[in-house]
Each structure stands twice: as C-alpha cells, then as structure tokens.
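These numbers were taken from a predicted model, which means no experiment stands behind them. Each chain gets a letter, A, B and so on, in the order the sequences are listed, and its residues count up from 1.
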2 protein chains.
Amino acid sequence: MMDDRIETAEHAWHGLRVLLLEQHDRRKEVAEALGMSFNRVKALRRIANQPCTLRSLAEFMVIDAPYATVIVDDLAKRGLVERTANPADRRSKLVRVTPPGRAAAEEGNRILDTPPDALLALPPDDLAALDRIVTRLLD
Amino acid sequence: MMDDRIETAEHAWHGLRVLLLEQHDRRKEVAEALGMSFNRVKALRRIANQPCTLRSLAEFMVIDAPYATVIVDDLAKRGLVERTANPADRRSKLVRVTPPGRAAAEEGNRILDTPPDALLALPPDDLAALDRIVTRLLD
DNA sequence: TGAAATAATTACATACATACAACTAATACT
DNA sequence: AGTATTAGTTGTATGTATGTAATTATTTCA
C-alpha cells in the first residue's frame with residue numbers, strides 16, 4: 001500500500017517539472033539571447049563561476065575531453081574565454097572568462113533566474129514558505 | 001529600490017532551477033532508458049497523451065513541419081507510433097501511439113516524475129505546503 | 001470554378017552533440 | 001632512468017537538431 005507522503009511528493013515533483021521544464025524553460029531564450037547553443041552557455045557559466053581546466057570542465061558537463069576542446073575553442077573564437085597557463089601543472093590549462101565573457105555569462109544567469117509572474121503573484125506567506133523549503137531541499 | 005518580494009521570488013526561482021535543471025535533471029536518464037533522444041521522448045509523450053496531427057506536434061515542440069516528419073518517421077520505424085487517417089481533414093494524418101509506444105511513454109513519465117529523496121525527507125508539513133503552492137502556481 | 005492557403009513529404013544544408021583512436025607534452029611512480 | 005599515467009589536441013565518424021526550398025494532395029474561399 002502506498003504511503004500518502006510518497007504520493008504527495010510525486011504530485012509535487014511532477015508539478016515542479018511541468019512548471020520548470022515545460023512552462024518556463026528558459027534555455028531556448030538564453031541560447032538565442034547569447035547567440036550560442038545552451039551547452040555553450042552552460043560551459044561559459046561554469047568557467048565564469050571559476051577558472052577551470054578542460055578536464056574539470058569535461059567532468060562537469062559530462063562530456064569527453066575532445067568535445068571540451070571543441071567547446072572551449074568555440075568560446076575562445078568568440079572572445080569570451082581564454083586559455084592561460086596552469087602553474088600547478090603545465091600539462092593542463094586554466095580556462096578563464098574575458099570581460100565580455102563575464103558579461104555574457106551574467107546576462108545568461110539573469111535570464112535563467114528571472115522568476116515567472118505567477119511566482120510574484122503568490123501570497124507573501126506562500127512565497128516565503130516556498131523559498132524556505134527550496135533552500136532546505138538544496139542543502 | 002528593490003522590493004523584498006521580488007528578491008525572494010528570484011532566490012526561490014534560482015533554487016528551483018538548480019534543483020530541477022542542475023541537480024535532478026532526468027532527461028539524460030530517460031533518453032538512455034528508452035534508447036532515444038529526449039526530443040523523441042518528448043514527442044512520444046505528447047502523442048501518447050493524445051493522438052495529434054504532425055502540424056500540432058510541430059507547434060507543441062516548436063519545430064518546423066519537416067522535422068516533425070523526421071521525428072514521426074523515426075518513432076514509427078521503432079514501432080512506437082503510427083499514422084492514421086484523419087476523417088476531419090484528409091490532408092493531415094493523426095499520429096497515434098501503439099501499445100509498445102504507450103508503454104515506453106509511461107516508462108518515461110515514471111522516470112521523469114520520480115521525486116528525489118530530499119523531497120521525501122521533508123517534514124510532512126513542508127511537503128504538503130510545497131505541493132499546495134506548486135499546484136497553485138500551475139493554475 | 002479557380003486561386004490561395006494548408007498538411008505533409010522529400011531533398012538538401014548546416015550546426016551541434018557525442019564517441020573513439022591516435023598523438024604530443026608533461027607529470028608521477030617504481 | 002624508464003615506464004605508465006594524465007591533460008590536451010587533432011582527426012574522424014555518426015546521430016541529432018534546425019532551417020529552407022520545392023512538390024503533392026487537399027481544403028478554403030473569393
């Protein structure tokens with residue numbers, strides 16, 4: 001026999017998925033705004049967050065090393081990132097954002113994190129409760 | 001000066017995005033489980049939900065007509081959907097799921113809607129509140 | 001009835017995602 | 001010192017996503 005809590009969790013999760021992935025998926029919008037695929041945006045945001053080696057970028061993106069090279073090549077060609085020496089290990093390179101790259105990453109984050117109107121229309125108590133619960137879920 | 005409510009909404013929405021799109025994105029998992037790209041899964045789920053014309057499928061997926069043909073061709077080749085006559089308009093065709101297609105779509109939905117453990121670990125009151133608020137957001 | 005619009009297909013083109021093999025340079029280990 | 005390992009690159013291959021142009025069959029409408 002199914003626990004009520006499990007049923008509620010499934011219902012809530014389904015609703016969240018519809019809300020985030022079906023009704024308010026911003027990935028296409030971000031890709032168009034920045035003129036690159038969402039995967040490139042994802043890589044750029046990662047690099048902007050902190051300089052990283054191609055290896056760690058590949059791990060983060062769950063891609064292989066050659067594809068990481070392709071993505072960084074593309075971002076570098078756009079002038080958004082640059083390869084710099086890694087004093088700790090001369091085999092590897094640290095990929096860093098350039099100022100334009102940082103601006104693009106921030107623009108992407110801004111679009112991604114803009115809440116839908118429905119969220120602003122919530123009663124203040126509900127909004128506060130939602131924020132508190134989501135924060136707890138992320139811990 | 002920025003409203004507190006807006007700030008809270010942005011924080012909550014950011015958290016939801018991280019939770020749903022970064023920490024618990026099930027798209028890769030579904031694609032692997034069903035042996036097809038997530039876009040094919042999305043189309044299959046739409047068709048399983050209700051038979052539809054290629055035109056309406058293209059609208060739903062935000063793709064053009066030729067790509068809709070390609071996707072339906074692929075799903076049909078896998079035996080998951082079939083084109084049937086549309087009595088209302090003989091120019092168009094109604095795409096329907098086959099029994100295996102329905103099973104695959106349901107498997108996809110099951111994976112997509114499985115809540116993460118963190119959700120089950122919430123205090124019952126928080127879980128109930130989350131479910132209630134999410135349901136309200138979807139109205 | 002004849003012209004315009006629509007649904008679907010076919011062919012073609014390009015960018016993107018993904019994987020594997022082979023190679024160089026640098027590091028780690030025995 | 002010599003071998004194995006690691007980081008990155010290059011080349012190649014396949015599937016997928018996306019768009020345009022042209023074609024056929026059917027419907028709508030002036």
Item to check | Atom of A:G35, atom of A:R78 and distance for their closest heavy-atom approach | outcome: O-NH1, 3.0 Å
Checklist entry - Yes or no on side-chain contact (heavy atoms from CB on, under 4.5 Å) for A:L80 and A:M36, after CA distance, side-chain angles and deciding distance? => result CA-CA 12 Å; A:L80 304 176; A:M36 62 183 91; 3.4 Å; yes
Item to check | Contact list for DNA chain C against residues 49-74 of chain B - heavy-atom distance below 4.0 Å | outcome: B:T53, B:L54, B:R55, B:A65, B:P66, B:T69
Item to check | side-chain contact (heavy atoms from CB on, under 4.5 Å) between B:W13 and A:L20, worked out | outcome: CA-CA 9 Å; B:W13 188 249; A:L20 274 280; 3.8 Å; yes
Next on the checklist: Can you list everything that forms a side chain to side chain contact (heavy atoms under 4.5 Å, CB included) with B:D131? Sequence neighbours excluded, please.
Outcome noted: A:T8, A:H11, A:A12, B:T135
Next on the checklist: Could you tell me how far apart A:K28 (NZ) and C:dC16 (P) are, to the nearest whole angstrom?
Outcome noted: 15 Å
Next on the checklist: With salt bridge (Lys or Arg N to Asp or Glu O under 4.0 Å) as the rule and sequence neighbours excluded, what pairs involving residues 116-125 of chain A come up?
Outcome noted: none
Checklist entry - Does anything in residues 79-88 of chain B pair up under side-chain hydrogen bond (donor to acceptor under 3.5 Å, both in side chains), and if so which pairs, sequence neighbours excluded? => result B:D73-B:R83, B:T84-B:R96, B:N86-B:S92
Item to check | Test: B:R45 and A:E22 ion pair at under 4.0 Å | outcome: yes
Using distance only, find each side-chain donor-acceptor pair of residues 56-69 of chain B under 3.5 Å and give its atom names and separation, not counting sequence neighbours.
| unit_1 | atom_1 | unit_2 | atom_2 | d |
| --- | --- | --- | --- | --- |
| B:S56 | OG | B:T53 | N | 3.3 |
| B:S56 | OG | B:T53 | O | 3.1 |
| B:S56 | OG | B:T53 | OG1 | 3.3 |
| B:E59 | OE2 | B:R55 | NH2 | 3.3 |
| B:D64 | OD1 | B:Y67 | N | 3.3 |
| B:T69 | OG1 | B:A65 | O | 3.4 |

Checklist entry - Checking side-chain contact (heavy atoms from CB on, under 4.5 Å) for the pair B:T98/B:V81: CA distance, chi angles, key distance, verdict? => result CA-CA 5 Å; B:T98 61; B:V81 308; 5.7 Å; no
Checklist entry - Looking at DNA chain D, which of residues 33-42 of chain A put a heavy atom within less than 4.0 Å of it? => result none
Checklist entry - With B:R136, which residues qualify under side chain to side chain contact (heavy atoms under 4.5 Å, CB included), at least two apart? => result A:L122, A:P123, A:D126
Item to check | Sequence-distant partners of A:R5, side chain to side chain contact (heavy atoms under 4.5 Å, CB included), two or more places apart | outcome: A:D3, B:P124, B:L127
Checklist outcome for this item: Bend of the helix from C:dT1-D:dA30 to C:dT30-D:dA1 from end-axis comparison, five pairs per end, nearest 10°, comes to 20°
Item to check | Test item: B:R26 side-chain N/O and B:T114 main-chain N/O as donor-acceptor pair under 3.5 Å | outcome: yes
Checklist entry - Tell me the salt bridge (Lys or Arg N to Asp or Glu O under 4.0 Å) pairs involving residues 98-108 of chain B, sequence neighbours left out? => result B:E107-B:R110
Polar pairs (N or O, both sides) under 3.5 Å between protein and nucleotides 27-29 of chain C?
| unit_1 | atom_1 | unit_2 | atom_2 | d |
| --- | --- | --- | --- | --- |
| C:dT27 | OP1 | A:R90 | N | 3.1 |
| C:dT27 | OP2 | A:R90 | NH2 | 3.4 |

Item to check | Pair A:K93-A:V72, side-chain contact (heavy atoms from CB on, under 4.5 Å): steps then yes or no | outcome: CA-CA 11 Å; A:K93 296 162 187 175; A:V72 171; over 6 Å; no
Checklist entry - Which nucleotide of DNA chain D is the first, and which the last, in the 5' to 3' direction, to come under 4.0 Å of a heavy atom belonging to chain B? => result D:dT16 to D:dT27
Checklist outcome for this item: In short, B:L130 meets A:L16 closest at the heavy-atom pair CD2-CD1, 4.4 Å
